[in-house]
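This report refers to the structure that appears directly beneath it.
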Amino acid sequence: MKIHEYQAKEILRRHKANVPFGVVIDKKENGSKAHDEVTSKTGGSVVVVKAQIHAGGRGKGGGVKVTKTKEDATAAIDKILGMQLITPQTGPEGKKVLKVYLEQGIDIAKEYYLSILLDRSIRKTIIMASTEGGMEIEEVAETHPEKILKISVDPGIGLQVNQARQLAFSLGLPAESHKSFQSLLFAIYDAYIKEDASLLEINPLILTKQNEIIAGDCKIDLDENALYRHADNAAFRDITEEDPLEVQASEFNLNYVKLDGNIGCMVNGAGLAMATMDIVKLAGAEPANFLDVGGGANKTTVTNGFKIILGDPNVKGIFVNIFGGIVRCDMVAEGIIEAAKAVDLKVPLVVRLQGTNSELGREVLNKSGLKITGVDDLREAASTIAKLIQ
C-alpha cells in the first residue's frame, strides 16, 4: 500500500527519526494558518509547499515550491492544490492534487540518497545509499553504478553499528555528522521492520550546514498483508489515489490489477492468471487486467468479476480460464451464465473449463443459448479470443 509523504514522515516520527516539521492541508483557506504554524514552530521564514500524490518527480512537474514569504506560500498553495500534476511517474494523464504539505525549509549543505528494501535473491534486507541524492536513482544506477552503495542486513541480528559506520564513511560524510547519521539510520531501519514496510526511501537525505542529517523526503510502501497488525497504518489508505476498479474489486475481495490491454481475463489462482496473461500476449493480444477470483469461485464472485472487467471501457473481449480443483466447473458455468445475463454481455466471451466436473460445465454452457465460445486447449482458447476481438 502506497502512502503520502506526510504520512510516511508521521511513521518516521514514531521511531524518533529526524524529520522536518510540517502541516498538511486540503483546503486553500487553511493555508495561511498552516504557514503561521510552521514558521512559529520552527522560527524560520522558508516554507516548502509540496503536492501530496502517490508519485515521484513532483518537483519536475511544478508540485514543489520553496517560498520565503507568506504571500509566496499562499500563491504556491493556490497554484498546486487542485492542479492536475503530471510527473514522469504519473503518465500523461497526471494526478489531481487534493492535499499539500507545508514543511519547514532546511539549510542544505549536500543531498544524499538512502533506502531500505528486501533483496529476495539473498533473502536479506539491504540498505542502499548514494552520494547522488535528489536524482532519479535508476538513472544513477545506469550511468554511475559505482556510486550505489549496498549493505545487507542479516535478519537474525539486525543492523549493526559497524555497518552504520561503514556506510557513513563510504558516503564521505563529515565526521561531525556521523552520530546524527547513525541515529537516523537505526530509526528508519526500526520503522521499516516494525511497520512491515516493503520499501522505505529517503530522497533526498539532507546534510545541513550544521552537520545534521535529516530526512528531507520519504516514501514508504507498506505490506498490505500485514495491515491487520497496524490499524493506524491501515487508516493511511487513500482510495482517491487508486484506480476506481481496483477499489471496487477490493470491496468484493477480488485480486484485480488493471492493465492497458483489451482482453479481460478471469482466472482462479494467481499462477494460472499469470500464465493466462502470458499466453494472451503470445496470441498477439494484450490482457486488460490481472483478475484472480480465488479457489472458491462461485456465482457471486464470477458476477462481480464480470462487472469489474466490463467497468474498463478498453475491454473488447473476455477470456475465462478456470481449473476446477476445489471449485466445480459446473457451478462456475452457472455463474458465468448468470453473470452474462446480469451485465448484458455484448463482447465476445471465450471460456476454458478444466478439472472437476469440466464436462458437465461445458454442457451447461452449451445449453445456455448464450453466445459463449467454449475451447478446451489453452493456446487455442487464447488464439480464439484474440481473433474474435478483431
Side-chain angles (χ1 to χ4, degrees), residues 1-2 54 198 221-228 233-281 285-356 361 365 372 378 381-382 385:
M1 182 179 80
K2 296 181 183 297
H54 289 173
S198 56
D221 289 350
L222 299 170
D223 185 348
E224 293 182 5
N225 295 313
L227 285 179
Y228 69 93
N233 292 347
F236 286 154
R237 184 184 181 191
D238 185 352
I239 61 173
T240 65
E241 289 282 333
E242 300 177 27
D243 186 281
L245 291 177
E246 294 182 10
V247 174
Q248 188 179 358
S250 67
E251 294 172 355
F252 294 145
N253 294 317
L254 296 174
N255 298 309
Y256 172 89
V257 179
K258 187 178 180 301
L259 302 174
D260 296 328
N262 55 9
I263 292 183
C265 300
M266 183 187 299
V267 192
N268 65 326
L272 184 58
M274 296 295 288
T276 300
M277 292 192 297
D278 285 344
I279 205 157
V280 165
K281 288 183 71 70
E286 293 291 331
N289 62 271
F290 169 97
L291 175 57
D292 172 16
V293 295
N298 52 39
K299 293 180 181 179
T300 301
T301 55
V302 172
T303 300
N304 289 336
F306 268 64
K307 290 178 180 178
I308 297 296
I309 289 174
L310 292 173
D312 180 356
N314 295 326
V315 170
K316 307 303 179 187
I318 298 177
F319 180 19
V320 177
N321 186 17
I322 299 292
F323 176 77
I326 299 173
V327 65
R328 288 167 34 196
C329 288
D330 57 316
M331 290 184 62
V332 173
E334 292 174 2
I336 291 171
I337 294 168
E338 188 173 303
K341 292 178 179 178
V343 300
D344 190 23
L345 187 66
K346 294 179 180 178
V347 298
L349 172 61
V350 172
V351 177
R352 176 180 178 265
L353 299 175
Q354 292 291 341
T356 307
L365 292 177
I372 300 174
L378 180 55
I385 187 62

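For the numbers below, each heavy atom of this structure counts, side chains included, while hydrogens, waters and symmetry mates do not. Being a predicted model, the structure only gives us computed values, none of them experimental.
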4.5 Å side-chain heavy-atom contact, [X] and [Y]:
X: Phe252; Y: Thr301; value: no
X: Thr356; Y: Arg328; value: yes
X: Asn321; Y: Cys265; value: no
X: Leu365; Y: Val351; value: yes

Gap separating the [atom1] atom of [X] from the [atom2] atom of [Y], nearest 0.5 angstrom:
X: Asn304; Y: Ile309; atom1: CG; atom2: CD1; answer: 11.0 Å
X: Glu251; Y: Ile308; atom1: CD; atom2: CD1; answer: 8.5 Å
X: Leu259; Y: Phe290; atom1: CG; atom2: CZ; answer: 9.5 Å
X: Asp223; Y: Asn233; atom1: CG; atom2: CG; answer: 11.5 Å
X: Asp292; Y: Leu272; atom1: CG; atom2: CG; answer: 9.0 Å
X: Met266; Y: Leu349; atom1: CE; atom2: CG; answer: 8.5 Å

Looking only at non-hydrogen atoms, find the nearest pair between [X] and [Y] and report the distance.
X: Cys329; Y: Gln354; value: SG-O, 3.4 Å
X: Phe323; Y: Asn268; value: O-ND2, 2.8 Å
X: Gly264; Y: Ala288; value: N-CB, 4.0 Å
X: Val347; Y: Val315; value: CG1-O, 4.1 Å
X: Asn289; Y: Met277; value: O-SD, 3.5 Å
X: Glu286; Y: Lys281; value: OE1-NZ, 2.8 Å

Side chain Ser198, main chain Asp221, donor-acceptor under 3.5 Å: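 Checked: pair present.
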
Test applied, side chain to side chain contact (heavy atoms under 4.5 Å, CB included); reference residue, Ile318; option that passes from Leu291, Leu310, Ile372: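 The option that passes is Leu310.
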
Phe306 vs Ile336, side-chain contact (heavy atoms from CB on, under 4.5 Å): CA-CA, chis, key distance, verdict: CA-CA 8 Å; Phe306 268 64; Ile336 291 171; 4.2 Å; yes

Test: Arg237 and Glu242 ion pair at under 4.0 Å: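 Looking at Glu242 together with Arg237, the answer is yes, because their closest N to O distance falls below 4.0 Å.
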
Residues which pass salt bridge (charged side-chain N to carboxylate O under 4.0 Å, His left out) with Asp344, listed by chain and number, not counting sequence neighbours: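 Partners of Asp344 under the salt bridge (charged side-chain N to carboxylate O under 4.0 Å, His left out) test: Lys346.
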
Partner residues of Lys307 under the salt bridge (charged side-chain N to carboxylate O under 4.0 Å, His left out) criterion, sequence neighbours left out: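 Lys307 satisfies salt bridge (charged side-chain N to carboxylate O under 4.0 Å, His left out) with no residue once adjacent residues are dropped.
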
